[in-house]
*Asks:* 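My structure is below; once you've seen it, I'll send some questions.
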Amino acid sequence: MRWKRKIHHGGPSKQQQVGPLADEVCAVDEEVSHLCRIKSEPSQRTCASIYAGQKRPVSTFKLLSGRESNCSGMGRFSSADCSYALRKHLPVKGPWCVDDMDSEAYISQFSADGSLLIGGFRGSHIRVYNSENNWKVHKDITCKRLRWTISDIALSPDQQFLAYSSLSPTVHIVNVQNAVRESHANITEIHEGLEFSDDDDEFSFGIFSVKFSKDGRELVVGNNNESICIYDLGANKVTERINAHVADVNVATFADETSDVLYSGSDDSLCKVWDRRCHKKQKPVGVLTGHLDGITFIDSRGDGHYFISNCKDQTIKLWDLRKMSSTSKDCTPKAYEWDYRWMTYPSEARYLKHPYDQSLATFRGHSVLRTLIRCYFSPMHSTGQRYIYTGSSDQCVYIYDVATGKVVEKLRWHGSIIRDCSWHPYLPTLVSSSWDGYLVRWEATEDDRDPSMLKTGKQRMHPEGYTMSFVL
């Protein structure tokens, strides 16, 4: 079987020449800014009871005093009050070592309840850590039949099964809750393979992203066969195959709990929205234009309206489905030919803007080079999704304020690219995974007595055995 990777060339037409942004200021949509503030700042009732309607910052002490005296009449904090108090304590202290491996760390993801952390490493290694028991290894998984690296990992909603993919058309399933701690594929435990290719495929494609539906019955993948595939676990087969883009589909994900709506992002620079209830399933219900290069990741806000995308044009964009268009208006406005896997981003391209940009806001500062770097909304419980955070090829984790568009924190310690990071859904803890081989955690409070705390100067550029023959 041969390996194929398409290279698409193209530039904007004369009518679509992009213009310079010499002094761009991130202008956040007023509706989005207002929504963020409602969910992450004290409620009007709380402010009125404490300061009689005056617009003044509310201290945590005032919040606690107001709750104890029941000034608001609710007898408790509202969710916005909780988010306001907790978001003052961002996970920026540290870091502390969770694990140190001899190969690049590609994936770091918390489970939905935060009790487990999954780490994926280049080659054939996955580890599941118990975050409630001193980060001890809950399950150690050795994979088989991988191409280059583990490209993505997904945990089922009931936290029973883990799906992992690589640059092949097969996704493997592992039971992470059984008694087998050392899981060696097809030796100590069967890693069931789900085949996503069919007889019509002309080449062996690779899978870049895999996600469970909210009910755990389906898997959706994005791949370099320019398609989205949906696998029905009960029927044990691919039930939908959508020819979604004209280039690699780097990410495909469900929009909300219904699993009816999908988002996809591709190297053709477009984000597309798909509604499985529509009769014309091969046609998107909407296209969102604005990026100038390939999309590396998409994260949904979970409300059926907003999502964010990370891109090789060195930006994160915020989108609203209610402002999408029905067609793509020349999907390849690429003004410069470059390869993000080994080249730096052209300096002239940083000042370009798509003439039909439909995004609500653009976040700049981090860098997206050499691998499909990921971005996310911060947790609803502890921050009211006030922030966007992302890894970066400049070895930092960036945290942006959605309401203002500004970088509020920049976490520095790693010695190499940070491909993934994950914020605990309830606690002020953030874990980052880097090509230096480290999984580390950042906390809101500092504890110098913790022996796992990492010191400056202990970084390394890459683990032993690192090569640059291919990157994902």
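Just so we're clear, the structure is a prediction, and the values are computed from it rather than from any experiment. Start at 1 with the first residue, then count along the sequence. Every heavy atom of this structure was used, including side-chain atoms; hydrogens, water molecules and symmetry mates were not.
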*Asks:* Pairs in or reaching into residues 125-134: which pass salt bridge (charged side-chain N to carboxylate O under 4.0 Å, His left out), with residues at least two apart or in two chains?
*Replies:*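 Checked against salt bridge (charged side-chain N to carboxylate O under 4.0 Å, His left out) - neighbours excluded - the pairs reaching residues 125-134 are D99-R127, R127-D140.
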*Asks:* Check for me whether the distance between the ring centres of W319 and H291 falls short of 6.0 Å.
*Replies:*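 Close enough - the centres of the two rings lie under 6.0 Å apart.
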*Asks:* I want to check something: taking the side chain as every heavy atom from C-beta on, are H424 and L430 in contact at a cut-off of under 4.5 Å?
*Replies:*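 Not in contact.
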*Asks:* In terms of side-chain heavy atoms, does R374 have a donor or acceptor partner in Y389 at a distance below 3.5 Å?
*Replies:*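 Y389 and R374 do not have a side-chain donor-acceptor pair below 3.5 Å.
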*Asks:* Going by atom types only, do S416 and S434 share a side-chain donor-acceptor pair under 3.5 Å?
*Replies:*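 S434 and S416 do not have a side-chain donor-acceptor pair below 3.5 Å.
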*Asks:* How long is the span from the CG atom in D299 to the OG1 atom in T253, to the nearest 0.5 Å?
*Replies:*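 It comes to 7.5 Å.
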*Asks:* Establish, from distance only, whether the side-chain atoms of S378 and Q385 form a donor-acceptor pair under 3.5 Å.
*Replies:*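 The criterion, which ignores hydrogens and geometry beyond distance, is not satisfied for Q385 and S378.
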*Asks:* Measure the spacing between CG of D401 and OH of Y387 and express it to the nearest 0.5 Å.
*Replies:*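 Result: 5.5 Å between the selected atoms.
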*Asks:* Is it true that the side chains of S264 and H245 contain a donor and an acceptor less than 3.5 Å apart?
*Replies:*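 Yes.
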*Asks:* What residues form a ring-ring contact (aromatic ring centres under 6.0 Å, His included) with F121, not counting sequence neighbours?
*Replies:*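 For F121 there are no ring-ring contact (aromatic ring centres under 6.0 Å, His included) partners, ignoring immediate neighbours.
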*Asks:* Could you give me the CA-CA distance, side-chain angles and deciding distance for K317 and D357, then say whether salt bridge (Lys or Arg N to Asp or Glu O under 4.0 Å) is met?
*Replies:* CA-CA 10 Å; K317 285 186 179 289; D357 191 351; 2.8 Å; yes
*Asks:* To the closest 0.5 Å, what do you measure between OG (S209) and CG (N250)?
*Replies:*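 Answer rounded to 0.5 Å: 8.0 Å.
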*Asks:* Among F377, Y263, F254, which residue satisfies the ring pair (Phe, Tyr, Trp, His ring centres under 6.0 Å) criterion with F307?
*Replies:*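 Answer to the ring pair (Phe, Tyr, Trp, His ring centres under 6.0 Å) test with F307 among F377, Y263, F254: Y263.
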*Asks:* In plain terms, say whether K211 and D152 are close enough for a salt bridge, that is, a side-chain N and a carboxylate O under 4.0 Å apart.
*Replies:*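 Answer for the salt bridge query: yes.
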*Asks:* Evaluate the side-chain proximity of V171 to V221: yes if any heavy-atom separation is below 4.5 Å, no if none is.
*Replies:*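 Touching, per the 4.5 Å side-chain cut-off.
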*Asks:* Looking at K410, I want to see if its NZ is surrounded by more than 12 non-hydrogen atoms of other residues, nucleotides or ligands under 6.0 Å.
*Replies:*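 Enclosed: over 12 neighbouring heavy atoms sit under 6.0 Å from NZ of K410.
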*Asks:* Treating Q109 as the side-chain partner and L117 as the backbone partner, does any N or O pair qualify as donor plus acceptor under 3.5 Å?
*Replies:*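 Absent.
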*Asks:* For residues S166 and S151, is any side-chain donor paired with an opposing acceptor at under 3.5 Å?
*Replies:*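 No donor-acceptor contact under 3.5 Å links the two side chains.
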*Asks:* Under a 4.5 Å cut-off applied to non-hydrogen side-chain atoms, are T149 and E104 in contact?
*Replies:*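 Side-chain contact under 4.5 Å: no.
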*Asks:* Suppose we screen for ring-ring contact (aromatic ring centres under 6.0 Å, His included). Which residues come up paired with H172, at least two apart in sequence or across chains?
*Replies:*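 Expected list: Y164.
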*Asks:* Going by distance alone, is a donor N or O of one side chain under 3.5 Å from an acceptor N or O of the other, for S367 and S392?
*Replies:*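 S392 and S367 do have a side-chain donor-acceptor pair below 3.5 Å.
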*Asks:* Do the non-hydrogen side-chain atoms of I373 and C375 ever get within less than 4.5 Å of each other?
*Replies:*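 They are not in contact (no side-chain heavy atoms under 4.5 Å apart), so the answer is no.
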*Asks:* For G206, is there any backbone N or O sitting under 3.5 Å from a side-chain donor or acceptor partner on N224?
*Replies:*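 Pair found, side chain donor or acceptor close to backbone of G206.
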*Asks:* Below 30° counts as parallel, above 60° as perpendicular, anything between as tilted: where do the rings of Y400 and Y398 land?
*Replies:*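 Rings of Y400 and Y398: parallel, as their planes differ by under 30°.
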*Asks:* Is any side-chain heavy atom of W135 less than 4.5 Å from a side-chain heavy atom of R441?
*Replies:*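 They are in contact (side-chain heavy atoms under 4.5 Å apart), so the answer is yes.
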*Asks:* Look up atom CG in L162 and atom OG in S156, then write down how far apart they are to the nearest 0.5 Å.
*Replies:*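 Between atom CG of L162 and atom OG of S156 there are 8.0 Å.
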*Asks:* Step by step, would you call R301 with D256 a salt bridge (Lys or Arg N to Asp or Glu O under 4.0 Å)?
*Replies:* CA-CA 8 Å; R301 198 169 185 271; D256 52 32; over 6 Å; no
*Asks:* Is any side-chain heavy atom of S393 closer than 4.5 Å to one of V368?
*Replies:*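 A side-chain contact under 4.5 Å is absent here.
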*Asks:* Okay, side chain of K139, backbone of Q177: is any donor-acceptor separation there less than 3.5 Å?
*Replies:*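 No: the side chain of K139 does not pair with the backbone of Q177.
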*Asks:* Any side-chain to backbone donor/acceptor pair from N130 onto N134? Under 3.5 Å, distance only.
*Replies:*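 It does not hold such a pair.
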*Asks:* Please answer whether the main-chain N or O of Q160 pairs with a side-chain N or O of D158 as donor and acceptor at a distance below 3.5 Å.
*Replies:*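 Yes; judged by distance alone, with no hydrogens or angles, the pair exists.
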*Asks:* Checking E257 against K214 for the salt bridge (Lys or Arg N to Asp or Glu O under 4.0 Å) test, could you report, in this order, the C-alpha distance in whole Å, the side-chain angles of both residues, the deciding distance, and whether it holds?
*Replies:* CA-CA 5 Å; E257 294 184 356; K214 295 299 181 181; over 6 Å; no
*Asks:* When you compare the side chain of N310 with that of T390, does any pair of heavy atoms fall below 4.5 Å?
*Replies:*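 Sidechains of N310 and T390: in contact.
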*Asks:* Taking T315 for its side chain and R364 for its backbone only, find out whether a donor-acceptor pair lies under 3.5 Å.
*Replies:*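 No: the side chain of T315 does not pair with the backbone of R364.
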*Asks:* Parallel, tilted or perpendicular: which describes the rings of Y106 and W435, with under 30° parallel and over 60° perpendicular?
*Replies:*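 Because their plane-to-plane angle lies in the 30° to 60° range, the rings of Y106 and W435 count as tilted.
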*Asks:* Would you say CZ of R276 has more than 12 non-hydrogen atoms from neighbouring residues, nucleotides or ligands within 6.0 angstrom?
*Replies:*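 Yes, enclosed.
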*Asks:* Between H138 (side chain only) and V176 (backbone N and O only), is there a donor and an acceptor less than 3.5 Å apart?
*Replies:*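 At least one qualifying donor-acceptor pair exists.
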*Asks:* Is any side-chain heavy atom of P425 less than 4.5 Å from a side-chain heavy atom of H381?
*Replies:*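 Counting from C-beta outward, P425 and H381 never come under 4.5 Å.
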*Asks:* Hey, what do you get for CG (L292) to CG (D313), rounding to the nearest 0.5 Å?
*Replies:*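 That separation rounds to 5.0 Å.
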*Asks:* Would D267 and K312 pass as an ion pair if we require N to O under 4.0 Å?
*Replies:*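 Salt bridge present between D267 and K312.
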*Asks:* Please find out if less than 6.0 Å separates the ring center of W423 from that of Y376.
*Replies:*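 No; Y376 has its ring centre 6.0 Å or more from that of W423.
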